[in-house]
Chemist: 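The following block contains the structure, expressed as structure tokens.
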Amino acid sequence: MTEYLYLLPVRGNQSNEMEQIELSYWVRFKRGDQEALGIIFQTYFNEMYYYGMKIIPMPDLVKDVIQEMFVHLWERRKQIGEVTKVKPYLLVTLRNELIHRTKNNRFSEMDKALKTEAFTLGTEDFIIGEENSKELNKRLVDSLNQLSERQREVIMLRFFHNLGFDELAEMLDMNVQSVRNLLFRALEKIRKDLKDTGFHSADNIEIILFNLFQKKLSLSEYKTAEFPPLSRKKQK
């Protein structure tokens, strides 16, 4: 029976253990195990799709790019250098490919999609529980969207994708202290915007963001992705 990682937010020793598990699948894939690559695909497709849609909101394009990525990974598995963190590597690869596509824009619909600023958030990105939390979510979204694009990205990577500071630094091509400063300034801005609602510290904001961002991965909409065929037919 095929097994899947389907990661949930984890901390401490659990996080280290999960990293070892995902790296073991990565090693198997590098040695030629297609099933291991399929497990990685199924585990991270949801997160990659969500991240990609925040860069360029074109569902078919994002899905196609993700599938093509995995075909390329398979074809180039012997040339890929050392990878110590699988999820950040996949997200960076996806971002680079999507940015490349936008620079070589051949789709009229992409012009419209690109008018939406990257990493813009909406209330649909959060779990909405009680009725009285809807107004708080709306105000939180308004505050988040007043941040810079870079600040919104670090918020999303930290609280939705659950990346640590070393992973954030690698993804954003910054040193760890610069990432901490970027995140702290963003959280302080949100705290000030929501101060009258009872969030008096950045720590409170971190807790609420970790809780609110846990939604998209369980949606059935994203479970329809099929692992792409890895053997391409040679053209005659």
Side-chain angles (χ1 to χ4, degrees), residues 4-12 14-15 18-19 22 40-57 59 62-63 65-66 85-96 98 116-129 133 136-172 174 179-180 182-187 189-191 193-194 199 202-223 225:
Y4 300 105
L5 305 180
Y6 289 127
L7 303 184
L8 295 172
V10 291
R11 305 285 185 271
Q14 284 183 308
S15 179
M18 188 57 68
E19 287 175 6
E22 67 180 20
I40 294 171
F41 175 89
Q42 294 292 347
T43 297
Y44 290 116
F45 175 83
N46 291 350
E47 290 196 58
M48 294 175 69
Y49 179 81
Y50 181 75
Y51 183 68
M53 285 290 290
K54 291 303 180 184
I55 298 173
I56 176 72
V62 173
K63 289 178 182 179
V65 169
I66 293 172
K85 305 280 188 177
V86 175
K87 180 162 65 174
Y89 175 84
L90 294 175
L91 293 177
V92 168
T93 303
L94 175 61
R95 180 175 61 189
N96 291 342
L98 287 172
T116 302
E117 195 171 358
F119 303 106
T120 297
L121 295 163
T123 54
E124 70 276 4
D125 292 303
F126 305 130
I127 294 175
I128 298 179
S133 70
L136 173 60
N137 282 9
K138 182 179 183 302
R139 289 185 58 182
L140 178 58
V141 165
D142 290 342
S143 178
L144 285 166
N145 287 329
Q146 291 175 29
L147 300 174
S148 69
E149 180 179 315
R150 195 69 156 171
Q151 286 175 321
R152 291 196 302 272
E153 183 177 15
V154 77
I155 288 281
M156 201 178 79
L157 290 172
R158 174 64 174 155
F159 298 107
F160 180 83
H161 296 286
N162 198 40
L163 298 188
F165 285 101
D166 57 336
E167 296 170 318
L168 290 169
E170 181 179 345
M171 271 207 69
L172 300 174
M174 302 168 65
V179 170
R180 289 183 181 276
L182 179 68
L183 182 62
F184 178 78
R185 287 193 295 270
L187 294 174
K189 170 65 168 59
I190 299 170
R191 181 187 65 79
D193 290 343
L194 301 182
F199 295 102
D203 288 343
N204 288 341
I205 294 298
E206 286 192 90
I207 292 170
I208 198 69
L209 286 172
F210 269 123
N211 289 333
L212 287 177
F213 263 114
Q214 303 311 310
K215 177 184 179 182
K216 291 283 185 177
L217 300 185
S218 62
L219 293 184
S220 60
E221 173 188 353
Y222 303 142
K223 292 183 178 180

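Scope of the values below: all heavy atoms of this structure, side chains included, with no hydrogens, waters or symmetry mates.
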Chemist: Is Ile55 close to Val62 at the side-chain level, that is, under 4.5 Å between some pair of heavy atoms?
Modeler: no
Chemist: Can you check whether His161's main-chain N or O pairs, donor with acceptor, with Lys87's side chain at less than 3.5 Å?
Modeler: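 Side chain of Lys87 to backbone of His161: a pair is present.
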Chemist: Under the rule for side-chain hydrogen bond (donor to acceptor under 3.5 Å, both in side chains), what residues qualify as partners of Gln146, not counting sequence neighbours?
Modeler: Lys189
Chemist: Identify whether NZ of Lys or CZ of Arg in Arg180 sits under 6.0 Å from the centre of the six-membered ring of Phe165 and within 45° of that ring's axis.
Modeler: yes
Chemist: Could you check Leu94, Thr43, Thr93, Val65 and say which one makes a side-chain contact (heavy atoms from CB on, under 4.5 Å) with Met48?
Modeler: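 Going through the options one by one, the only one that passes is Leu94.
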Chemist: By ring-ring contact (aromatic ring centres under 6.0 Å, His included), which residues pair with Phe41, not counting sequence neighbours?
Modeler: Phe45, Phe70, Phe227
Chemist: A side-chain contact here means heavy atoms from C-beta on lying under 4.5 Å apart; do Met174 and Leu168 qualify?
Modeler: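 A side-chain contact under 4.5 Å is absent here.
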Chemist: Among Ile190, Leu182, Ile205, which residue meets the side-chain contact (heavy atoms from CB on, under 4.5 Å) test with Ile155?
Modeler: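 Exactly one candidate clears the test, Ile190.
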Chemist: For Tyr50 together with Tyr44, are the ring centres under 6.0 Å from each other?
Modeler: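 No, the ring centres sit 6.0 Å or more apart.
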Chemist: Strictly distance-based, threshold 3.5 Å: is any side-chain N or O of Arg95 a donor or acceptor partner for the main-chain N or O of Gly52?
Modeler: no
Chemist: Can you name the salt bridge (charged side-chain N to carboxylate O under 4.0 Å, His left out) partners of Glu170, sequence neighbours left out?
Modeler: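 Not a single residue meets the salt bridge (charged side-chain N to carboxylate O under 4.0 Å, His left out) criterion with Glu170.
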Chemist: Quick one: side-chain hydrogen bond (donor to acceptor under 3.5 Å, both in side chains) partners of Arg139, sequence neighbours excluded?
Modeler: Asp196
Chemist: With sequence neighbours excluded, what pairs up with Arg150 under the salt bridge (charged side-chain N to carboxylate O under 4.0 Å, His left out) test?
Modeler: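 Counting only residues at least two positions away or on another chain, Arg150 forms a salt bridge (charged side-chain N to carboxylate O under 4.0 Å, His left out) with Glu153.
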Chemist: When rounded to the nearest 0.5 angstrom, what is the spacing between CG in Leu91 and CE in Met171?
Modeler: 4.5 Å
Chemist: Can you list the residues that meet the side-chain hydrogen bond (donor to acceptor under 3.5 Å, both in side chains) rule with Asp142, with sequence neighbours excluded?
Modeler: Lys138
